[in-house]
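Quick caveat, the model's predicted, so the values are computed rather than measured. One is the number of the first residue; the rest follow in order along the sequence. Note that these values count all heavy atoms, side chains included, but never hydrogens, waters or copies made by symmetry.
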Amino acid sequence: MKQFNEFSKAKQAYDEIPIPRELSDRVQAGIRQGRRAHRARKTQARRRWLSAAACFALLLAGLNLSPAFAKAAADVPVLGGLFRIMTVISYDASDGGINYVVSVPRLEAEGGMTETVNAVIREKVDQHMEKARQDWADYKDAFFATGGTEEEWGNREMDVIIDYSVTRQTDTQVSFVVTLAEGWVASYEERYYYNLDLSEDRAITLRDVLGEDWVRRCNDAISAEIAASVDEEGFTFFFTPEQGGFTTVDGTTSFYLREDGTPVVVFPKYAIAAGAAGWPEFEIPLA
């Protein structure tokens with residue numbers, strides 16, 4: 001824990017991040033309940049990593065692995081063929097009211113695309129950690145500035161989550177998603193989708209999977225599913241195009257590939273629907 005505190009002090013706060021609004025104790029209780037459930041699901045899978053956590057927590061600041069550690073990590077393959085994904089940092093820890101649930105991936109393969117993806121992941125993880133710590137510091141300042149007491153503050157906690165999942169793997173291709181989230185009086189989540197063809201050292205596109213007519217095929221499938229979501233009273237979580245809802249996919253639209261190669265288009269929470277809809281996903285038929 002000493003090393004973890006030293007790491008915490010070493011992080012520099014970002015400036016000019018808006019101070020989040022306080023919510024009720026009922027919301028706090030719900031968040032704590034959700035946090036406990038999430039951590040319970042993660043504990044078994046990550047227990048084997050806890051012994052190494054203390055040694056490697058300091059690496060999270062820069063994620064620049066030493067040759068010795070990189071070699072050791074390379075002995076833990078997840079995928080075969082031309083590449084593998086490995087968990088280079090994984091731990092559960094708590095410090096100053098913040099609960100960290102961390103699992104950071106790294107892709108091992110030849111080619112410039114691999115280096116680019118790993119660099120992007122490292123940068124996003126660093127930014128996420130800095131933002132989370134600054135959000136928590138800003139909230140703490142606002143809490144006491146508005147009359148909060150030390151006793152009341154003692155019941156408040158924040159989750160910082162970094163995780164990933166592999167959705168498709170073959171000898172030459174991989175599709176995976178990296179999730180960065182905060183859970184406290186406010187919630188914040190970002191997801192980044194990677195679909196790679198390692199044999200050709202490039203990203204896989206929806207055009208690659210669906211053909212030249214990929215835009216129409218996606219639009220038709222998504223529009224049909226949105227239309228089917230309307231209930232008998234005309235209610236749906238999805239916004240109309242005039243309200244900022246779905247209009248069309250394009251080259252920036254996020255997606256992942258299922259194990260059978262079927263593409264699933266994903267939109268961020270609130271992008272085309274109310275928050276209750278979560279992150280809307282739409283399966284696009286291959287045939």
Side-chain angles (χ1 to χ4, degrees), residues 20-21 23-24 26-27 29-31 33-38 40-42 101 124 128 159 161-169 173-196 203-287:
R21 294 176 297 179
L23 299 181
S24 68
R26 180 175 296 180
V27 174
I31 290 170
Q33 181 178 356
R35 177 186 61 80
R36 288 192 295 269
H38 175 83
R41 290 193 300 269
K42 295 290 184 179
V101 182
K124 291 186 182 303
H128 178 62
D159 285 341
I161 300 166
I162 301 171
D163 202 1
Y164 73 97
S165 60
V166 178
T167 62
R168 171 176 166 81
Q169 60 186 61
Q173 295 183 348
V174 61
S175 181
F176 66 100
V177 55
V178 177
T179 300
L180 310 175
E182 295 178 11
W184 47 309
V185 296
S187 62
Y188 168 83
E189 182 176 342
E190 291 185 347
R191 299 179 186 177
Y192 298 95
Y193 297 86
Y194 301 93
N195 306 284
L196 308 174
I204 300 170
T205 67
L206 284 169
R207 182 190 296 271
D208 294 331
V209 181
L210 298 171
E212 294 295 325
D213 200 23
W214 67 277
V215 173
R216 182 195 61 79
R217 293 176 63 179
C218 288
N219 289 349
D220 287 352
I222 295 170
S223 297
E225 190 166 339
I226 291 175
S229 73
V230 181
D231 66 16
E232 296 177 353
E233 298 180 354
F235 173 79
T236 178
F237 287 118
F238 291 94
F239 307 139
T240 66
E242 294 74 22
Q243 295 171 326
F246 174 73
T247 55
T248 185
V249 296
D250 59 29
T252 65
T253 301
S254 296
F255 74 98
Y256 65 88
L257 299 176
R258 289 184 176 166
E259 196 61 48
D260 64 357
T262 300
V264 179
V265 170
V266 185
F267 293 92
K269 191 174 183 179
Y270 304 111
I272 63 171
W279 287 64
E281 297 190 353
F282 302 90
E283 179 179 322
I284 312 299
L286 288 172

J.: Under the ring-ring contact (aromatic ring centres under 6.0 Å, His included) rule, collect the residues that match up with Phe237, sequence neighbours excluded.
T.: Phe235

J.: Is there a donor-acceptor pair closer than 3.5 Å between any side-chain N or O of Arg168 and the backbone N or O of Phe176?
T.: no

J.: In chain order, what residues pass the salt bridge (Lys or Arg N to Asp or Glu O under 4.0 Å) check against Glu225, with sequence neighbours excluded?
T.: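 For Glu225 there are no salt bridge (Lys or Arg N to Asp or Glu O under 4.0 Å) partners, ignoring immediate neighbours.
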
J.: Does any non-hydrogen side-chain atom of Val209 lie less than 4.5 Å from one of Ile204?
T.: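 Yes, their side chains come closer than 4.5 Å.
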
J.: Considering all heavy atoms of both residues, which atom of Phe238 and which atom of Pro280 are nearest to each other, and what is their separation?
T.: CE2-CB, 3.9 Å

J.: Taking the side chain as C-beta and beyond, is there a heavy-atom pair between Tyr256 and Thr167 under 4.5 Å?
T.: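 Yes, close enough: below the 4.5 Å cut-off.
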
J.: Find out whether Thr179 and Ile161 are in side-chain contact, i.e. whether some heavy atom of one side chain is under 4.5 Å from a heavy atom of the other.
T.: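 When only atoms from C-beta onward are counted, Ile161 and Thr179 do not touch, as no gap falls below 4.5 Å.
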
J.: Using 4.0 Å as the upper bound for N to carboxylate O, is an ion pair formed by Glu190 and Lys124?
T.: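 No, this pair does not count.
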
J.: Find out whether Val249 and Trp214 are in side-chain contact, i.e. whether some heavy atom of one side chain is under 4.5 Å from a heavy atom of the other.
T.: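 A side-chain contact exists here, since the closest heavy-atom pair is under 4.5 Å.
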
J.: Taking Thr236's backbone N and O only, do any of them form a donor-acceptor pair with Asp231's side chain (distance below 3.5 Å, no angle check)?
T.: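 No, the answer is negative, given that no donor and acceptor are paired below the 3.5 Å cut-off.
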
J.: Are any side-chain N or O atoms of Thr262 and backbone N or O atoms of Arg258, one a donor and one an acceptor, separated by less than 3.5 Å?
T.: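 Not a single qualifying donor-acceptor pair exists.
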
J.: Do the side chains of Arg207 and Glu212 get close enough for a salt bridge, i.e. N-O under 4.0 angstrom?
T.: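 Salt bridge: yes.
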
J.: Minimum heavy-atom separation for Leu210 and Pro285, please, with both atom names.
T.: CD2-O, 3.8 Å

J.: Are side-chain heavy atoms of Tyr193 and Val266 found at a separation under 4.5 Å?
T.: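 Yes - at least one pair of side-chain heavy atoms lies under 4.5 Å apart.
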
J.: In Å and rounded to the nearest 0.5 Å, what is the SG to CG distance from Cys218 to Asp213?
T.: 9.5 Å

J.: Just by distance, with hydrogens left out, do Asn195 and Ser175 show a side-chain donor and acceptor under 3.5 Å apart?
T.: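 Indeed, the side chains of Asn195 and Ser175 share at least one donor-acceptor pair under 3.5 Å.
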
J.: Can you sort out the partners of Tyr270 under side-chain contact (heavy atoms from CB on, under 4.5 Å), two or more places apart, ordered by chain and number?
T.: none

J.: Can you tell me how far apart CD (Gln169) and CG (Leu257) are? Round to the nearest 0.5 Å.
T.: 12.5 Å

J.: Can you check whether Val264 reaches Phe255 side chain to side chain, under 4.5 Å on heavy atoms?
T.: no

J.: Pick one: which of Thr247, Thr248, Thr252 meets side chain to side chain donor-acceptor pair (under 3.5 Å) with Asp250?
T.: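 The single option meeting the side chain to side chain donor-acceptor pair (under 3.5 Å) with Asp250 is Thr252.
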
J.: Is the shortest heavy-atom distance from the side chain of Leu196 to the side chain of Gln173 under 4.5 Å?
T.: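 Not touching, per the 4.5 Å side-chain cut-off.
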
J.: Quick one: OG on Ser254 to CD on Glu281, what's the gap to the nearest 0.5 Å?
T.: 10.5 Å

J.: I need the His128 NE2 to Ile162 CD1 distance, nearest 0.5 Å.
T.: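 CD1 of Ile162 is found 5.0 Å from NE2 of His128.
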
J.: Can you find a pair of side-chain heavy atoms, one from Tyr192 and one from Leu180, that are under 4.5 Å apart?
T.: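 Sidechains of Leu180 and Tyr192: in contact.
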
J.: Can you tell me how far apart CG (Asp163) and CZ (Arg191) are? Round to the nearest 0.5 Å.
T.: 11.0 Å

J.: With a 6.0 Å cut-off on ring centres, are Phe246 and Phe267 close enough?
T.: yes

J.: Distance-only, no hydrogens or angles: does the Asp220 side chain make a donor-acceptor pair with backbone N or O of Arg217 under 3.5 Å?
T.: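 Not a single qualifying donor-acceptor pair exists.
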
